[in-house]
Protein chains: 2
Amino acid sequence: MDQIDRKILSLMHENARMPISEMSRTISMSQPAVTERIRKLEDQGIITGYRAQLSGAKLGKHTTAFVMFKTDNCKDFVSFIEASAEVVDLYRISGEYNYLMKVVTENTESLASFLDACSAHGFSTTLIVLATPFEDKSLISNEV
Amino acid sequence: MDQIDRKILSLMHENARMPISEMSRTISMSQPAVTERIRKLEDQGIITGYRAQLSGAKLGKHTTAFVMFKTDNCKDFVSFIEASAEVVDLYRISGEYNYLMKVVTENTESLASFLDACSAHGFSTTLIVLATPFEDKSLISNEV
DNA sequence: GTTGAAAAAACAGAGGA
DNA sequence: TCCTCTGTTTTTTCAAC
């Protein structure tokens, strides 16, 4: 992991579909060398995947919320949540609640339906997302 | 947005670096047609970008937390947070707190330093992430 | 939406600092 | 070890339909 690897990670985080040839020009290194470095970053598990980012709103999902949940039966709860299409992220957390999850639904009504379905497993506190100043900032500082 | 578009989005969410030629084989449609559909999905803002997913742990960031924050000066707070490399996501939320942010740091000590720096802007409650059963589940159901 | 040719990129091997 | 160079294969682009 040197400065060149960090630059590659930064570029990949900005645009994962950038051709390797273009990256090789940007960082002034031959294409096979860049390819090999990317392969190693993947093998080491530093790069875990490449994903298209989708707009929830453009797909008709206009409501995002974070739900903190307290349950006594983690196993059943996780099974239930894994099967719930509304939940995009699930975190086990410290504190009064067991779990925090990010929920994306069409509207507040469908969020309410989801929360109703959850209530069999415990109790929750819901934080509605009003705006997202930024999301998914890079873990790599992009100075060279 | 028909079933083929949904399939493209699903494939792109699984692996954004999949060659379009491979996608065209998977969904049995000519490559220029797939390319044109992707271009339209980008133009419509349904696809907002392509990102490499990086492992925080493999980059030496072993602590993830969600911090709920209450501030009286949103403008200054957001400026401060935007300049903080530790914060990867920032959400404006409803409820007792103004903001929820996802914070990724090297360890609990560096998290404490960050929270100390924040304390000038208001008060917070921190939820430490103990485990992540899943993250970034697709908004598109991947049945065809 | 398809086909097919030209351009570009990715891959794989040989060899050098 | 890590890189560059180079020839081959694959993918992308762009024309015409």
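Below, chain A is the first sequence line, B the second, and so on; all start at residue 1.
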Listed nucleotide nearest any side-chain atom of [X], set [options]:
X: Thr35(B); options: dT4(D), dT13(D), dG1(C); answer: dT13(D)
X: Ser30(B); options: dC5(D), dT2(C), dA10(C); answer: dT2(C)
X: Met29(B); options: dT4(D), dT11(D), dT2(C); answer: dT2(C)
X: Pro19(B); options: dA10(C), dT12(D), dT4(D); answer: dT12(D)

In whole angstrom, give the distance that lies between atom [atom1] of [X] and atom [atom2] of [N].
X: Met18(B); N: dA10(C); atom1: CE; atom2: C1'; value: 17 Å
X: Arg17(A); N: dT13(D); atom1: CZ; atom2: C1'; value: 14 Å
X: Glu22(B); N: dT9(D); atom1: CD; atom2: C1'; value: 16 Å
X: Arg39(A); N: dC2(D); atom1: CZ; atom2: P; value: 11 Å
X: Glu36(B); N: dC14(D); atom1: CD; atom2: P; value: 11 Å
X: Ile4(B); N: dT2(C); atom1: CD1; atom2: C1'; value: 14 Å
X: Ile20(A); N: dA8(C); atom1: CD1; atom2: C1'; value: 13 Å
X: Asp2(A); N: dT1(D); atom1: CG; atom2: C1'; value: 13 Å

Quiz item: Any cation-pi pair here, Arg92(A) with Tyr99(A), using under 6.0 Å and within 45°?
Solution: yes
Taking 4.0 angstrom as the limit, do [X] and [Y] come out as a salt bridge?
X: Glu86(A); Y: Lys137(B); answer: no
X: Glu36(A); Y: Arg39(A); answer: yes
X: Arg51(A); Y: Asp136(B); answer: yes

Practice problem: Please figure out whether Arg25(B) or Gln31(A) has its closest DNA chain D nucleotide nearer the 5' end. | Solution: Gln31(A)
Practice problem: Indicate whether OP1 or OP2 belonging to dG1(C) is found under 4.0 Å from a side-chain N or O atom of Arg37(B). | Solution: yes
Exercise. Using only side-chain N and O atoms of Ser21(A), determine if any of them is under 4.0 Å from OP1 or OP2 of dA10(C).
Key: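 Indeed, a polar side-chain atom of Ser21(A) lies that close.
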Quiz item: What about Phe80(B) and His121(B), are their ring centers closer than 6.0 Å?
Solution: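 Ring centres of His121(B) and Phe80(B) closer than 6.0 Å.
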